[in-house]
Amino acid sequence: MVDARTDSHVPALGGGGDAAAVDSRVRIGDLVLRNPVMPASGTFAEGLAPVVPFERLGALVTKTVTPELRGGNPTPRVCEVGQGMLNSIGIPSKGLDYFVAHTVPFYRQFSTPLVASISAPSADAFAAGVEKLAVPGVAVIEANISCPNIEEDGKAFAMDPRPTAQVVARMRRATTLPLWVKLSPNTGDIASVARAAADAGADALVVGNTILAMSIDIETFRPRLGNVMGGLSGPGLKPILVRMTYQCARAVSIPIIGCGGIATAADAIEYMLAGASAVQVGTATFVRPTAMLSVIDGLAAFCARKGIARVADLTGALHDTDMKVEAHDHDHDHMSEAVS
Amino acid sequence: MGQTISLQTVSPDDAPSPAAAVLPAPAADVLGVVVSHVWLNDEYRHLVLEAPEPAPLARAGQFFNLECPHTAEDKPYLRRPMSLYRADPANGIVEFLYKVTGVGTRGLASIKVGRTMRLLGPLGVGFSIDPAARSIVVLGRGVGLATLAPLAELAASRGVAVTAILSARTPATVMSVDRFAAIGARIEIVLDSDGSSDPANVERILRACAAEGRADAFYTCGSNRLMLLMQRLGRELSIPGEVALEQQMACGLGMCFCCVRNFSVGGDIEARRVCSEGPVFRLDEAMPW
Ligand SMILES: Cc1cc2nc3c(=O)[nH]c(=O)nc-3n(C[C@H](O)[C@H](O)[C@H](O)COP(=O)(O)OP(=O)(O)OC[C@H]3O[C@@H](n4cnc5c(N)ncnc54)[C@H](O)[C@@H]3O)c2cc1C
Ligand SMILES: Cc1cc2nc3c(=O)[nH]c(=O)nc-3n(C[C@H](O)[C@H](O)[C@H](O)COP(=O)(O)O)c2cc1C
Ligand code: FES
């Protein structure tokens with residue numbers, strides 16, 4: 001039985017060349033990462049330290065913190081859906097003051113850059129929060145403007161270009177730290193949202209968050225999540241977010257960090273070919289806690305076999321110039337073409 | 001939500017763990033080899049793995065997150081949490097006793113002797129035994145008895161006397177009687193099939209233990225109803241206790257916050273992660289489902 005969770009079924013990516021000679025470093029704006037692999041917010045914390053040496057990762061990304069104390073959603077907060085999962089954790093948060101006093105100091109023991117993920121209910125609150133994060137130890141701010149289950153009915157800033165532009169512009173004025181903006185796939189026009197974030201001053205985009213979804217227990221007739229709806233993550237998300245990474249990379253000139261269903265180096269390579277400069281690994285860490293390490297090693301092995309000197313050379317190396325791609329920038333046109 | 005929250009995300013020193021004295025071995029994701037895997041009855045299986053350290057260093061009450069194999073019908077995606085049933089560090093052995101209930105445990109049940117599987121652990125905070133305790137009472141039901149068996153052995157190894165009240169539906173589903181018997185525990189078996197598992201009868205047994213001075217501490221696992229009973233008696237008789245709780249898990253490492261349960265702490269309701277702040281908690285603070 002092939003088990004999609006393990007990398008044993010993935011064809012060996014290495015096998016030729018000297019992986020140690022490959023330059024794994026990537027650049028995200030002014031920041032140079034030792035490799036392009038980092039955790040996705042909410043799927044990583046201090047508890048992984050005994051299992052994964054944090055010094056090997058490209059960056060460390062914290063669970064989204066909110067300015068205020070929050071309790072999170074009712075249980076059950078997760079459920080399995082085929083080869084993937086839904087979550088409606090919400091953003092339980094001890095607040096920014098606690099985060100700055102306790103969480104940031106913990107990570108100062110590592111040389112790996114710390115990316116602090118933040119969310120807030122308004123543009124002003126986002127800006128105030130971002131200001132508070134200007135402390136030693138925080139290398140990057142990742143603005144989670146895409147969390148689908150934090151606002152009513154899954155509505156979030158990242159659903160539309162206008163609120164995205166407003167909130168990013170407010171944050172941009174509030175900080176000199178690198179500002180990564182995490183987009184949501186729950187939008188009809190990801191390229192326009194990406195452009196809005198880039199024009200408003202984002203230094204990079206994370207593409208992206210979970211897709212709002214739902215699952216029902218047919219025995220009990222009840223929703224399987226306490227919050228009724230939740231975000232889909234894991235392998236099922238990958239083709240959709242690879243597509244969005246591709247669209248965003250064509251729409252903006254700032255770096256893109258791909259995220260969604262990455263469990264192996266092969267998955268990460270797909271995102272990089274589509275235009276990502278780095279990747280985030282989320283749910284795969286639950287299934288295989290050392291997944292990020294396999295991705296790091298696999299990327300170098302793949303480049304060695306292909307005779308590619310730098311992992312960064314994979315970014316946007318897709319061969320698509322001979323293909324008609326313009327229509328793909330317009331979701332709606334493309335969709336109607338596809339179904340007609 | 002209108003509730004006070006407590007989310008330990010940083011140093012363990014501010015975790016309100018009842019067993020702060022028990023320093024758990026740091027977890028690792030290791031490959032175990034199945035050396036035995038047998039049915040104990042229609043529902044329960046006993047899985048014995050040979051696994052490298054730190055797995056065999058697990059303590060009573062700790063658990064592992066097991067990667068369950070896929071079968072033609074069942075494709076569990078996430079791992080499944082299982083309590084330590086027995087650890088033998090000298091021989092590099094860890095054992096689990098589990099009930100086959102759904103996708104994950106059916107997958108787990110398919111693994112053959114000689115095959116390998118991944119296990120992440122040891123995880124969580126295990127049971128603690130007060131050095132002053134001379135005798136304890138463990139009360140478990142169904143598969144919850146599996147979690148209490150290593151606790152009884154730990155107690156016996158420290159010269160602490162054990163009374164074990166084992167609750168089950170039928171004689172065939174009483175687990176681990178031999179384990180409790182081997183350490184010289186006083187054993188009380190209570191069954192649904194003859195009505196003796198009725199809470200009123202269990203209460204009578206618990207009160208007798210207390211009256212005879214055999215209950216310096218209470219421990220329970222596997223039943224909401226029995227937990228509430230023991231909690232009520234513990235409060236009334238001023239007997240401290242611990243309970244091993246369950247909640248659905250994903251990471252097992254305190255990262256995802258899916259496994260929270262509510263606790264009653266000095267009049268406030270606090271949400272705690274079962275995987276990292278438990279799964280063993282103070283009995284008086286636990287709340288039912
Ligand atoms: C710390 C801990 C220790 C445990 N120790 C044991 C043990 O020693 N022996 C044993 O038989 N069982 C134990 N359990 C319960 C065991 O994890 C579940 O029975 C198992 O996850 C069921 O999975 P399934 O896919 O077969 O069932 P399904 O019902 O198909 O599971 C669906 C989902 O619900 C979750 N789930 C279902 N029941 C439980 C439960 N009781 N607790 C947590 N999650 C659940 C599953 O993980 C899965 O995500 C323990 C649970 C926890 C939290
Ligand atoms: C349990 C869980 C919690 C998450 N919490 C957050 C969060 O707090 N902030 C955030 O920006 N994304 C959060 N995410 C989304 C992930 O960061 C990631 O974008 C998404 O899961 C897709 O990646 P994956 O398929 O690799 O998991 C969470 C995902 C999961 C599964
Ligand atoms: S299972 Fe992830 S925090 Fe407990």
Side-chain angles (χ1 to χ4, degrees), chain A residues 1-6 39 42-52 62-63 65 69-85 87-95 98-99 101-107 225 233-236 282-283 285-291, chain B residues 1-14 24-30 54 65 67-80 102-104 107 110 118 120-121 123 247-262 269-271 273-276 289:
Chain A
M1 208 65 228
V2 170
D3 185 338
R5 299 162 307 177
T6 64
T43 65
F44 172 84
E46 297 89 319
L48 197 64
V51 188
V52 169
T62 55
K63 168 81 185 167
V65 61
L69 217 66
R70 290 175 54 95
N73 287 328
T75 56
R77 289 179 167 185
V78 295
C79 71
E80 265 184 17
V81 284
Q83 294 305 290
M85 65 181 278
N87 89 80
S88 59
I89 307 292
I91 312 269
S93 172
K94 284 182 143 181
Y98 182 92
F99 180 81
H102 296 270
T103 309
V104 175
F106 170 85
Y107 287 105
L225 290 176
S233 65
T283 307
T285 296
F286 300 163
V287 176
R288 182 63 70 85
T290 53
Chain B
M1 296 272 296
Q3 66 181 34
T4 316
I5 56 157
S6 167
L7 308 165
Q8 265 65 39
T9 49
V10 185
S11 54
D13 53 29
D14 60 0
D29 194 32
V30 300
N65 225 1
E67 192 172 79
C68 300
H70 285 186
T71 69
E73 295 80 29
D74 296 306
K75 312 224 169 335
Y77 176 66
L78 297 168
R79 294 191 178 201
R80 296 295 190 271
V103 175
S110 73
R118 291 195 165 269
L120 173 69
L123 299 172
Q247 176 61 290
Q248 202 181 358
M249 293 186 179
C251 72
L253 291 165
M255 306 193 291
C256 72
F257 286 88
C258 81
C259 66
V260 296
R261 284 183 63 150
N262 285 338
I269 304 293
E270 280 190 13
R273 290 160 296 178
V274 172
C275 73
S276 55
W289 283 108

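The chains referred to below are lettered A, B, ... by the order of the sequence lines, with proteins before strands, and numbering in each begins at 1.
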As an exercise, state the distance from CD of Gln83(A) to NZ of Lys75(B), rounded to the nearest 0.5 Å. 8.0 Å

Between the SG atom in Cys258(B) and the CG atom in Asn87(A), the distance rounded to the nearest 0.5 Å is 8.5 Å

Using heavy-atom distances under 4.5 Å, tell me whether Thr62(A) contacts chain B through its side chain, its backbone, both, or neither. neither

Does any non-hydrogen side-chain atom of Arg77(A) lie less than 4.5 Å from one of Val260(B)? yes

Non-hydrogen atoms of chain B under 4.5 Å away: do they reach the side chain of Thr43(A), the backbone, both or neither? backbone

Do you know the tightest heavy-atom contact between Arg288(A) and Asp29(B)? CD-OD2, 3.8 Å

Heavy-atom side-chain proximity of Arg79(B) to Pro289(A) below 4.5 angstrom: yes

Just how far is it from atom CD of Glu46(A) to atom OG of Ser276(B), taken to the nearest 0.5 Å? 10.0 Å

Looking at Gln248(B) and Pro76(A), what are the two nearest heavy atoms and their distance? OE1-CB, 3.6 Å

Can any side-chain N or O of Glu80(A) pair as donor or acceptor with the backbone N or O of Leu78(B) at less than 3.5 Å? yes

Can you tell me how far apart OG1 (Thr75(A)) and CG (Asn262(B)) are? Round to the nearest 0.5 Å. 8.0 Å

CD1 on Ile91(A) to CZ on Phe257(B), rounded to 0.5 Å: 11.0 Å

Measure across Pro26(B) and Pro50(A) and return the closest heavy-atom pair with its distance rounded to 0.1 Å. CB-CB, 3.9 Å

Looking at every non-hydrogen atom in both residues, tell me the closest pair between Tyr77(B) and Thr283(A) and how far apart they are. OH-CG2, 3.5 Å

